[in-house]
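I have placed the structure first, in the form of structure tokens, so that the comments after it can refer back to it.
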Amino acid sequence: MPYRRLAVILLAALLVSANGAAEVPVQVESVSNRPVVKQISVTGTVTSPRTAVLSTAVGGLVADLTIDEGDRVETGDALLKLDAELAQLALERALAEVRQREIAAADAKRRFVEAEEVGAQRGIARTQVESLRAEVSSDEAALVASRAAAREQQAIVERHTLKAPFAGVISERHAELGVWVNPGDGLLELVATDNLRFDFRVGQDNFAALSPETPVEITLD
């Protein structure tokens, strides 16, 4: 009698379990082929094809600083300016001297032409005419020299402005307003951002899974 009761209880328990399982919803999906995606995490470095530490060609006091670290610049942009007041005054004197030389050369040429045209009629000696010719040559040579000096001074004034030699991003800044700098001092570091090179190493056991079409996702720290 006890064995029969135990069997009835077990049977009832199985029926309850079967009824509960029947109430669980069943979801059906169609079979499809999907590629198995394997992600490989590696670390590496970023290398720029062009990097330059910029400096001025002349010494002076930093009077204007228009950029900061992280700023993007284009070729020819003015990045830093030195106090060029004295250099500008020297340029103005050089240009004034050029004007004086032009006037002197023109006057000497005029007197030489007049002496050569009417010298014989007015009793001007040939030696005096040749002397005027030499004076013209001397004044013209002095004019050429003064123009060269003015161009040199103009170049010095322009060198008080530091310009970007190529487009890129300012990665470091070592200059501040009011600081005296000397020629050759590293003031700014400029890094080109075109055609960057990403170097990283992948384990040899993953070589077979790589191809030129393998997508790469890059995240900078």
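As the structure is a prediction and not an experimental result, all values here were calculated from the model.
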What's the verdict on side chain to side chain contact (heavy atoms under 4.5 Å, CB included) for Val144 and Glu140, showing C-alpha distance, side-chain angles and the deciding distance?
CA-CA 6 Å; Val144 171; Glu140 289 178 347; 5.7 Å; no
Roughly how far, to the nearest 0.5 Å, is the [atom2] atom of [Y] from the [atom1] atom of [X]?
X      : Y      : atom1 : atom2 : result
Leu162 : Leu65  : CG    : CG    : 9.5 Å
Ile40  : Leu210 : CD1   : CG    : 5.5 Å
Glu172 : Leu54  : CD    : CG    : 11.5 Å
Glu102 : Glu97  : CD    : CD    : 11.5 Å
Ile218 : Phe200 : CD1   : CZ    : 6.5 Å
Leu86  : His160 : CG    : NE2   : 8.0 Å

Using a 6.0 Å cut-off, check whether atom [atom1] of [X] has over 12 heavy atoms from anything other than its own residue.
X      : atom1 : answer
Arg99  : CZ    : no
Asn195 : CG    : no
Glu69  : CD    : yes
Glu152 : CD    : no

Could you tell me which non-hydrogen atom of [X] sits nearest to which non-hydrogen atom of [Y], and how far apart they are?
X      : Y      : answer
Gly76  : Lys163 : O-CD, 3.8 Å
Leu82  : Val58  : CD1-O, 3.5 Å
Thr51  : Glu189 : CG2-OE2, 3.4 Å
Thr193 : Arg72  : OG1-NH1, 2.9 Å
Gly59  : Trp180 : C-CZ2, 4.1 Å
Ala78  : Thr161 : CB-CG2, 3.9 Å

Please examine the side chains of [Y] and [X], heavy atoms only from C-beta on, and report whether any two atoms are closer than 4.5 Å.
X      : Y      : answer
Gln100 : Ile103 : no
Leu143 : Arg147 : yes
Leu89  : Glu92  : yes
His174 : Leu187 : no
Val62  : Glu176 : no

Taking [X] for the side chain and [Y] for the main chain, is one N or O donor matched with an acceptor at less than 3.5 Å?
X      : Y      : value
Arg159 : Ala155 : yes
Asp71  : Val73  : no
Thr66  : Leu79  : yes

Pair Val98-Arg101, side chain to side chain contact (heavy atoms under 4.5 Å, CB included): steps then yes or no
CA-CA 5 Å; Val98 169; Arg101 295 294 184 182; 5.7 Å; no
Can you get from Leu177 to Ile170 by hopping between Ile, Leu, Val, Met, Phe, Trp and Tyr side chains that sit under 4.5 Å apart?
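Yes: a chain of side-chain contacts under 4.5 Å links Leu177 to Ile170.
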Before giving the answer on side chain to side chain contact (heavy atoms under 4.5 Å, CB included), spell out for Leu95 and Leu91 the whole-Å C-alpha distance, their side-chain angles and the decisive distance to 0.1 Å.
CA-CA 6 Å; Leu95 294 175; Leu91 175 60; 4.2 Å; yes
